[in-house]
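Just so it is clear, the model here is predicted, and its values are computed rather than measured. Counting starts at 1 for both ligands and their atoms, in listed order.
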Amino acid sequence: MIVLGIETTCDETAAAVVRDGREILSSHVASQAKLHAPFGGVVPEIACRAHVETLLPLVERALEDAGTELGRLDGIAVAHTPGLVGALLVGLSAAKALAWAAGRPLVGVDHIEAHVHAVRMAHADLAPPFVALVASGGHTSLYDVRGDTSLAKIGSTVDDAAGEAFDKVSALLGLGYPGGPAIEKAAKCGDASAVAFPRSYPGEKGGAGGSLDFSFSGLKTAVLYHLRGQHGKIGARPAPRPAADVAASFQEAVVDVLVARTILAAERTGARAIAVGGGVACNGRLRERLAAEGAARKKRVFFPPPHLCTDNAAMIAGLGHELLRAGRVSDLELEAVPT
Ligand code: KG4
Ligand code: ZN
C-alpha cells in the first residue's frame, strides 16, 4: 500500500511517499526557517504564501523520487489539525484536489498523533501499550497509546509549548531562531546549576490522580527577569550569568519537568515503554536524562532519528496508512481544524 503524505501545519512544507506504513520511499521537507528568522517566530501570512509556492513542486519531486505517480497511489494523507488555519488550508486544498483528480482515497491525519507514529516508524519493536511525549514548537502533550489508531491525551501544556520556550529564550539571549538547537549548543559550554530557574508542575497538589500538565511561561519570564538584572532595571539583583550558563540552566529546568512528568505518566498508566517525538525530542540532554530515568525504572525509552522528530510528511503518510487500513477514509468535506 503506497501513501502520499502532505504536511503544511506550520512553517515546514513537506511531501513524502511511504510504502506499507513504514518504508520511506521519498521524504522532502522545505523549511521556511530563513523566512521567519528576522521575526523571531513564525509569521502566518508568510508561511501560507510559502506553502502555496512550494507544495506542488515538492509533491511532484516526492512522487518522482519514489518512482511512482498519482494514479498508482493507494491513498493521500494530509495533516488537517492542529496548526495555523491558513497553512492547514493550503495542504488540505491541495490534497483534496489531488485525491479528487486521481480518484484516490483521502485521509485526514492529526499532526500530533503523527509525531507519536513517527517513533513507531523508526522502531519496529515499539508496540502499544506505551506512553508518548510529544514536545515541539506548538505542543507539549502526553498520550496513553493503547492501539495502532487509539490514543488518549492525558496531559498537555496550559500555556507555552516546550519548543516555544526554547525559541523565546533563545531570542532573549540573542542566539537566533529556531531556538532549540541554538540553546543546546550554547548550553554545552555552560553550567546547568548556575541559575536556579523554577520548575513548574501545574496541578501538583492534585495527588495520585493529579494533573500531568505542563507550564513553561513562568520559566520564560524567570529568564527574562534574570537577564534584566544585568541592566540594573530590577532592584539590586545580582548580575546575570553568561549566556551559556543561562542556556544550560534553562535547558535543565525544561528537561527536569519533561522527564518528571513523562516518568509519572508511565508509572501511572503502568506502561513499560516510552516514546518521545516532536522537535524537542532532538535535544541531547533530554535523550540522555530520559533514557537514564527510564532505565532505572525498567522502562524502555524510544526516540526517532532527528529527521523524524521535526515536522515531516513521512509520519503523516505512515499514520495515514494505519487509518486507511482501519477504513477511516475522509470525504472532500474534511475541514482544517486549527486547535
Ligand atoms: O516538531 P517541530 O519541527 O514543529 C512543530 O510541530 O512545532 O518542532 C520545532 C520545535 C522548535 O521550537 C525548535 O526550537 C525545537 O522544536 N527544537 C529543539 C531542538 N531542535 C528543535 N528544542 C530543543 N533542543 C533541540 N535540539
Ligand atoms: Zn510538529
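- Remark: among candidates Asp311, Thr310, Val254, Val134, the nearest residue to atom 5 (C) of ligand 1 is Asp311, based on non-hydrogen atoms.
- Around the Zn ion (ligand 2), the protein atoms of type N, O or S that sit closer than 2.8 Å are His111 NE2, His115 NE2, Asp311 OD1.
- The residue among Ile112, Asp11, Asp167 with a heavy atom at the shortest distance from atom 12 (O) of ligand 1 is Asp167.
- Residue His51 is tested with Thr13, Asp11, Thr8, Thr9 for a side chain to side chain donor-acceptor pair (under 3.5 Å); the sole match is Thr13.
- Side chains of Val78 and Lys96 form no contact here, defined as non-hydrogen atoms less than 4.5 Å apart.
- By heavy-atom distance, the residue among Met315, Glu184, Gln251 lying nearest atom 26 (N) of ligand 1 is Glu184.
- When only non-hydrogen protein atoms are considered, atom 24 (N) of ligand 1 lies nearest to Asn283 ND2, 3.0 Å.
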Taking it one step at a time, do Asp311 and Glu7 satisfy side-chain contact (heavy atoms from CB on, under 4.5 Å)? CA-CA 8 Å; Asp311 286 352; Glu7 156 66 36; 4.1 Å; yes

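- Using cut-offs of 30° and 60° for the angle between ring planes, the His123 and Phe302 rings count as perpendicular.
- Annotation for ligand 1: atoms under 4.0 Å from non-hydrogen atoms of His139 are 6 (O).
- Checking only distances, Gly279 does come within under 3.5 Å of ligand 1, N or O to N or O.
- Using a 4.0 Å heavy-atom cutoff, His111 is listed among the residues neighbouring ligand 1.
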Show your reasoning for whether salt bridge (Lys or Arg N to Asp or Glu O under 4.0 Å) applies to Arg325 and Glu322. CA-CA 5 Å; Arg325 255 183 8 138; Glu322 296 300 331; 3.2 Å; yes

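- A salt bridge is defined here as a Lys NZ or Arg NE, NH1 or NH2 lying under 4.0 Å from an Asp or Glu carboxylate O, and Asp148 with Arg120 meets this definition.
- With hydrogens left out, the protein atom closest to atom 22 (N) of ligand 1 is Gly180 CA, 3.3 Å, a heavy atom.
- Each of the following atoms of ligand 1 lies closer than 4.0 Å to a heavy atom of Gly138: 7 (O).
- When each of Leu264, Leu290, Val301, Val254 is paired with Val259, the side-chain contact (heavy atoms from CB on, under 4.5 Å) condition holds for Leu290 and for no other.
- Looking from atom 10 (C) of ligand 1 to the surrounding protein, the closest heavy atom is Gly137 N, 3.4 Å.
- Residues Leu63 and Leu73 form a side-chain contact, since some pair of their non-hydrogen atoms from C-beta on lies under 4.5 Å apart.
- Put simply, no part of Cys10 is less than 4.0 Å from ligand 1, judged by heavy atoms.
- On a distance-only criterion, Gly278 and ligand 1 share no N/O pair closer than 3.5 Å.
- Counting atoms of ligand 1 from 1 in the listed order, those under 4.0 Å from a heavy atom of His115 are 1 (O), 6 (O).
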Could you go through Ser215 and Asp159, starting from their C-alpha distance and side-chain angles, then the distance that decides it, and tell me whether this counts as side-chain hydrogen bond (donor to acceptor under 3.5 Å, both in side chains)? CA-CA 6 Å; Ser215 166; Asp159 42 54; 2.7 Å; yes

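- Residues His139 and His111 place their aromatic rings such that the two centres sit under 6.0 Å apart.
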Applying salt bridge (Lys or Arg N to Asp or Glu O under 4.0 Å) to Lys299 and Glu293, what does each step give before you reach the verdict? CA-CA 8 Å; Lys299 299 192 190 296; Glu293 298 281 337; over 6 Å; no

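- Applying the side chain to side chain contact (heavy atoms under 4.5 Å, CB included) test to Ala62 and every residue at least two apart in sequence or in another chain returns Ala15, Val17, Ser26, His28.
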